[in-house]
Number of protein chains: 2
Amino acid sequence: MSALASSIERRNGVSLWRQIADRILQGIASGDFAENAALPPEVVLAERYGVNRHTVRSAIAALVQEGVLRAEQGRGTFVLSRKRLSYPIGQRTRFSTGLQGQTTERHIALLSSSTEPANRRIAEALGIARGSAVIRLETRGEADGHAVSRATTWFDAKRFAGIEAAMAETGSITASLKRFGINDYLRHSTVLSARHADADDLAALDLQPGAIVLVTVAVNVTLDGQPIQFAESRFPAERVELRLSAND
Amino acid sequence: MSALASSIERRNGVSLWRQIADRILQGIASGDFAENAALPPEVVLAERYGVNRHTVRSAIAALVQEGVLRAEQGRGTFVLSRKRLSYPIGQRTRFSTGLQGQTTERHIALLSSSTEPANRRIAEALGIARGSAVIRLETRGEADGHAVSRATTWFDAKRFAGIEAAMAETGSITASLKRFGINDYLRHSTVLSARHADADDLAALDLQPGAIVLVTVAVNVTLDGQPIQFAESRFPAERVELRLSAND
DNA sequence: GGGTATTTGTGCGTATGTATT
DNA sequence: TAATACATACGCACAAATACC
């Protein structure tokens, strides 16, 4: 919200131009800088943030490089439009149906899979013995050719043997679970946090270093409450917001 | 999860020591570095991240300053334990009751208040005319003496005239609304995102520059669906996680 | 207690990046 | 574009505290 009077911090490990670039990104997100409109002139921004015009230019150059702004000599610097996807999250969260209307095409790509012993956290979530085999799927959610999520999912290996093949074939968790006789499931106990993206997420989600990811840790259960799936999903905060609807 | 092989990036606006400090924080969060245990020696970390030992020392110094680590000459560097608050979020979200059991004391401090004309976003959310007066409250949620949230809240100035006095007195939104005849309310349409904390949030939440805040934008409504409150809350991601419970 | 290896703490010279004027 | 000041990062060396045999 409020466009507070700058106060950029010095010698804190983040260069001034990077801080100002982040400020501009924030300004775009909060509506201070409208999309498809011109940014204030460099001298004005320099004044506002209390730095030299050269520093503002460095920030703008970085954002042009990242595809957020377009600078035109003699005319000004313009905000390119890029609306964030709104990803619904609730008891009936489904990847594909959740993004209907916002995108024309979406699917889940299986990056890799493996079988491993369940650690304490996963065993408790799935209600199985610690150390028993679980299948781990590394996936990326894609919508209209853009990466919108990166997830790590665990299934009980005994009950869902071969689910990695189903995922690779269908590109859908819901469709894959159907092959194991599960026609409906609910989301239970989602925990939400945020952190800087790690190297793996940076690559998979095509992000710049320092980018933030929203993290959800969730358990999906059958209608009678039996846990079937444990997942940690990462969403690029600059491209996705999570929407909690009251009635799903 | 996966402890991938470093890949610290250079000349991207964020200093190496800051990036490595973030890595270590992530390592603690993901369990790679256990709490109350020793970190690997500086030389090992330097090797792992591909930087000079001095650079690792800068990162550690920052985290010691932030109260995350404790370094002892000749012994090692240790991870201090600090559990995150789990903030429940759902239809019946209440600040105080939500943190019961996790804290012994909590209240909301009113930092400032003002009356202003509603912009489009706020007017739509509250279902009032654009430009009509709204009361804005700037508040900080505190639990056991620690700042856990920073919120900006808007009310229709006509209907809730004087609510800032009630807030200052009671330290509770729920109690203040009672004075206006609202004994119960529900949360409607929460939108969730994350970003770097701005200067204001850094100060109010006692965070270090570069810290991440979870942001919720929510509308509270009466039982019959009438909007009464529009709020943007920021939670320090390093101290708070948001928990979505299925049945509230 | 002694000796040695390990680990954090300190100093300094140099090169490069950042920010201002 | 140039000059200047400061922050960042590296490399090497050594001191101080601790751990281990």
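Atom set for the values below is all heavy atoms of this structure, side chains included, hydrogens, waters and symmetry mates excluded. Reminder, nothing fancy here: chain letters follow the sequence lines and each chain counts from 1.
A salt bridge does not link E238(B) to R195(A): none of the charged side-chain nitrogens sits closer than 4.0 Å to a carboxylate oxygen. Using a 4.0 Å cut-off between charged side-chain N and carboxylate O, R234(B) and E232(B) make a salt bridge.
Applying the 4.0 Å criterion to OP1 and OP2 of dC10(D), one finds that T55(B) has a side-chain N or O inside that range.
The side chain of W17(B) lies closest to dT8(D), out of dT20(C), dT8(D), dT8(C).
If you take CG of L45(B) and P of dG9(C), they are 13 Å apart, rounded to a whole angstrom. The CG-C1' distance, from N52(A) to dA3(D), rounds to 14 Å in whole Å. Atom CD1 in I60(B) sits roughly 12 Å away from atom P in dT7(C) (whole-Å rounding). The interatomic distance linking E42(B) (CD) with dA9(D) (C1') rounds to 15 Å, in whole Å. The separation between R57(B) atom CZ and dT8(D) atom C1' is 16 Å, rounded to whole Å.
Heavy atoms of S58(A) sit nowhere under 4.0 angstrom from any nucleic acid atom.
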Side-chain donor-acceptor contacts of residues 126-135 of chain A below 3.5 Å, not counting sequence neighbours, with atom names and distances?
| from | atom 1 | to | atom 2 | distance (Å) |
| --- | --- | --- | --- | --- |
| S132(A) | OG | A129(A) | O | 2.6 |

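Judged purely by distance below 3.5 Å, without hydrogens or angles, the side chains of S112(B) and R136(B) never pair a donor atom with an acceptor atom.
Side-chain contact check for V215(A) versus E241(B): every heavy-atom pair is 4.5 Å or farther apart.
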Summarise protein proximity over nucleotides 13-21 of chain D in one line of letters, 5' to 3': B for base, S for sugar-phosphate only, - for none, counting protein heavy atoms closer than 4.0 Å.
B--BBBS--
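Surrounding CD of E35(B) are more than 12 heavy atoms belonging to other residues, nucleotides or ligands, all under 6.0 Å away.
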